[in-house]
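Here is the naming used below: chain letters follow the sequence lines, and residue numbers restart at 1 for every chain. Quick note: numbers below take in every heavy atom, side chains included, and nothing from hydrogens, waters or symmetry partners.
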Amino acid sequence: MITLACHAGIGPRTEGYALVARDNFSARYDLDRNRGIFSRPGHVLAGRSYRDMILVMNTVKGGVATAWMLYAMKQGGVCPRAFLFNTANAIMAQGAALADLALCDRFAGGDITELVRDGDYLVVDPARGLVQVTNRS
Amino acid sequence: MAEIALTGEERAMQAGEMGWPLSWAINHQLQVARMFDAPDLVAVGQAHMMADPEAVGEAGAQFMEDLVRHGARVRIPTITDPRGVDLACYHPLGQTEEMAGLERRIIAACTGMGILMTNTCVNYQTIMPPVMGEHVAYGDTGVVIYSNSVCGARSNFEGGPSALAASLTGRTPRYGLHLDGNRRATRRFVVAEQPRELTDWGVLGAVVGERAGSYWQVPAIEGLEVVPNSDQLKHLGAAMASYGSTPLFHLVGITPEARQLSDVGGDRLEPETVSAGMMNALRSRFGATGEKVDVVVFAAPQLSIVEMQQVAALCRGRTVAVPLIVCTSPQVYPDAARHGFVNTIEASGGMVLQGTCFYNQFAREIGEANGWKRLLSNSAKIVNILGGYGYEPALASMERCVASAVAGEIR
């Protein structure tokens with residue numbers, strides 16, 4: 001098992017499979033929230049489902065809508081389980097707080113999109129600022 | 001982790017002694033405060049809340065209705081970002097009664113809390129611009145970046161829930177742009193191609209925002225040979241915030257915190273040229289000359305009275321072949337009507353909406369309902385957003401947009 005330290009985050013302890021991209025995130029710009037997929041044609045994850053995944057990405061881009069949208073996505077049941085970023089922004093933190101979704105950023109070991117591989121199984125503990133990769137050592 | 005310093009009143013809010021709405025609001029704020037190591041909360045003078053129905057959804061509407069039922073009332077002047085449905089004009093866009101019904105519920109909840117339904121993303125041009133050093137809790141990235149950069153106010157991006165929390169508590173966590181240290185330049189850009197029309201200012205904002213690339217970067221921009229006006233700064237900032245999640249920029253010698261480069265520490269940074277090639281590369285991502293156009297949109301941000309005059313002048317005596325949609329604020333609309341601009345645009349076959357902005361009007365659904373794919377706009381921001389909504393967006397000047405609407409193909 002690999003343990004990655006980060007800044008203390010927001011939300012509950014969560015586990016699931018990683019969906020990793022060296023790209024940025026916006027719920028408004030990038031997602032078809034009805035179908036639960038990345039819909040922006042130029043996005044690295046275009047066409048991929050984000051439902052129940054732990055999204056691992058570089059940073060957050062664009063607008064304020066993500067805050068409300070995360071809450072609606074969580075309540076609607078078509079939502080990632082958690083978000084890991086190199087750097088989050090204010091809107092992601094606010095949205096995670098309202099939706100009670102796990103969010104962590106600022107990893108001590110380097111670029112989180114390189115530290116975690118697509119399909120890794122992760123345990124995210126925002127309160128302790130720890131992420132465990134349980135399928136690798 | 002350092003303890004967040006709270007006043008007695010804030011502790012009472014936190015403990016639920018002042019009711020559930022204030023307890024929710026301050027505990028929401030404290031979660032964000034801990035994530036960004038805020039030492040305390042800072043009093044804010046205004047809040048600006050984004051709450052369009054596409055983003056808020058059924059869940060968010062129920063949440064706001066619960067707050068109203070528990071007696072939530074705003075403590076500070078609180079205004080709203082554009083709506084998603086112009087209730088006087090939604091059938092022509094293919095919007096449904098369900099969308100309008102959700103809009104009505106959100107409006108009722110907002111007014112029930114004492115929120116002013118200003119429905120604008122250009123409040124810094126039309127309502128009550130913040131002043132230098134004023135701490136505010138603003139939503140809409142374009143509003144925040146303009147207020148921080150041009151007015152010298154202090155705001156983070158406050159999404160709808162957080163702006164609402166700030167309106168209830170009268171405070172916001174003191175982190176990010178509320179702190180002097182985070183307003184210093186971190187990147188230094190030198191402009192090589194002088195922007196001329198509004199679209200150029202948007203393209204410059206897009207290029208800088210994309211290169212800055214993070215909420216925590218602050219670009220300082222040198223080399224401008226003209227002092228931009230408010231509409232040009234509006235497009236510059238809105239695009240920069242859209243492409244880069246950037247909440248603050250400095251224009252050296254122009255914006256108030258950077259009378260000279262050293263004021264913001266930019267003299268210690270390596271200069272990076274924003275070349276004509278970079279500007280053209282951005283434009284080429286949204287180029288489609290000669291192709292059929294389905295809809296032409298002026299929005300994002302809402303148009304000022306000056307832009308309304310410009311669009312009307314271009315429409316006068318012409319007839320559009322495809323839908324031409326113009327979004328302005330409820331404050332500008334009556335003035336534009338009084339000056340005859342609304343009539344002129346409508347006489348050409350265009351549609352003028354008030355209090356909405358195209359991209360938050362259930363853009364995917366109205367695109368599907370009307371068969372709109374190829375969308376043309378002079379807004380670098382809106383073409384960045386709408387690709388994910390199923391559109392093929394293209395960018396052109398205001399003049400070319402109107403000419404294309406008349407021709408039915410991109411000129």
Side-chain angles (χ1 to χ4, degrees), chain A residues 6-11 24-35 37-43 46 58-77 85-100 103-106 126-129, chain B residues 1 24 27-32 34-37 50-52 54-60 62-63 81 138-144 156-163 165 173 175-177 209-210 213-216 241-245 247 285 359-360 364 381 384-390 392:
Chain A
C6 60
H7 193 282
I10 283 175
N24 303 328
F25 176 80
S26 164
R28 164 101 78 191
Y29 292 29
D30 294 331
L31 306 183
D32 182 335
R33 286 166 285 121
N34 298 323
R35 299 165 63 200
I37 61 167
F38 281 83
S39 57
R40 183 183 182 80
H43 199 281
N58 177 44
T59 190
V60 186
K61 66 187 173 193
V64 297
T66 295
W68 279 123
M69 287 177 174
L70 291 183
Y71 184 68
M73 289 159 62
K74 174 79 178 290
Q75 298 299 311
F85 292 102
N86 284 321
T87 52
N89 73 353
I91 296 299
M92 270 309 295
Q94 297 157 11
L98 180 68
D100 196 29
L103 166 68
C104 289
D105 75 342
R106 287 164 283 174
R128 296 171 64 204
Chain B
M1 191 185 306
W24 164 76
N27 281 299
H28 171 86
Q29 293 181 314
L30 290 174
Q31 287 187 73
V32 177
R34 287 186 202 99
M35 177 136 186
F36 295 120
D37 305 309
M50 183 280 225
D52 69 67
E54 189 218 335
V56 171
E58 171 67 28
Q62 284 184 23
F63 178 77
D81 210 27
Y138 279 176
D140 191 292
T141 55
V143 170
V144 174
N156 287 306
F157 287 172
E158 299 274 10
S162 286
Y175 70 96
L177 278 301
E210 215 162 57
S214 157
Y215 186 78
W216 308 101
S242 174
Y243 288 73
S245 195
R285 281 158 51 182
Y359 72 86
N360 60 17
R364 182 186 309 283
K381 173 176 177 171
N384 188 37
I385 294 173
L386 287 175
Y389 279 87
E392 295 168 357

Inset, instruction - Give a yes or no answer on whether the side chain of B/N156 reaches the backbone of B/L177 with a donor-acceptor pair at less than 3.5 Å. - result: yes
Legend entry - Most contacts with chain A, counted as non-hydrogen pairs under 4.5 angstrom, among B/D52, B/V144, B/I385, B/L386: B/I385
Legend entry - chain A contacts, top residue of B/Y175, B/F63, B/Y243 (heavy-atom pairs, under 4.5 Å): B/F63
Legend entry - Side-chain donor/acceptor of A/S39 to backbone N/O of B/G388, under 3.5 Å: yes
Legend entry - Interface residue of largest heavy-atom contact number with chain B, from A/A90, A/P41, A/A72, under 4.5 Å: A/A90
Legend entry - Donor-acceptor contact below 3.5 Å, side chain B/N27 vs main chain B/L30: no
Legend entry - A/N34 portion near chain B, given a 4.5 angstrom heavy-atom threshold: side chain
Legend entry - Main-chain N/O of B/A59 paired with A/Q75 side-chain donor or acceptor, under 3.5 Å: no
Inset, instruction - Using non-hydrogen atoms and a 4.5 Å limit, figure out which bit of A/L31 sits close to chain B: side chain, backbone, both or neither. - result: backbone
Legend entry - A/H43: partners by side-chain hydrogen bond (donor to acceptor under 3.5 Å, both in side chains), with sequence neighbours left out: none
Legend entry - Contacts of type side-chain hydrogen bond (donor to acceptor under 3.5 Å, both in side chains), residue B/S242, not counting sequence neighbours: A/Y29, B/N384
Inset, instruction - Pick one of side chain, backbone, both or neither for A/A88, based on which atoms fall under 4.5 Å of a heavy atom in chain B. - result: both
Legend entry - Which of B/G160, B/G387, B/P173 touches chain A most, by non-hydrogen pairs under 4.5 Å: B/G160
Legend entry - Within 6.0 angstrom of B/R285 CZ, more than 12 heavy atoms from elsewhere: yes
Inset, instruction - Measure distances from B/E158 to the heavy atoms of chain A and classify the residue's part below 4.5 Å as side chain, backbone, both or neither. - result: both
Legend entry - Under 4.5 Å from a heavy atom of chain A, the part of B/Q62 involved: neither
Legend entry - Max heavy-atom pair count under 4.5 Å with chain A, selected residue of B/G159, B/G139, B/P161, B/G60: B/P161
Inset, instruction - Give the member of A/L103, A/I91, A/T66 that has the highest number of heavy-atom pairs under 4.5 Å with chain B. - result: A/I91
Inset, instruction - Using non-hydrogen atoms and a 4.5 Å limit, figure out which bit of B/Y359 sits close to chain A: side chain, backbone, both or neither. - result: both
Legend entry - Heavy-atom contact with chain A under 4.5 Å, split by part of B/D81: neither
Inset, instruction - Please look at B/A165 and chain A and tell me whether the side chain, the backbone, both or neither of the residue comes under 4.5 angstrom of a heavy atom of that chain. - result: neither
Legend entry - Contacting moiety of A/D30, where chain B heavy atoms sit under 4.5 Å: neither
Inset, instruction - Check whether any side-chain heavy atom of A/N86 lies under 4.5 Å from a side-chain heavy atom of A/T59, and answer yes or no. - result: no
Legend entry - Stepwise salt bridge (charged side-chain N to carboxylate O under 4.0 Å, His left out) check, A/R28 with B/E54: CA-CA 10 Å; A/R28 164 101 78 191; B/E54 189 218 335; 3.1 Å; yes
Legend entry - Residue, of A/W68, A/Y71, A/F38, that accumulates the most heavy atom pairs under 4.5 Å with chain B: A/W68
Legend entry - Aromatic ring pairing A/F25/A/F85, orientation class (parallel under 30°, perpendicular over 60°, tilted between): tilted
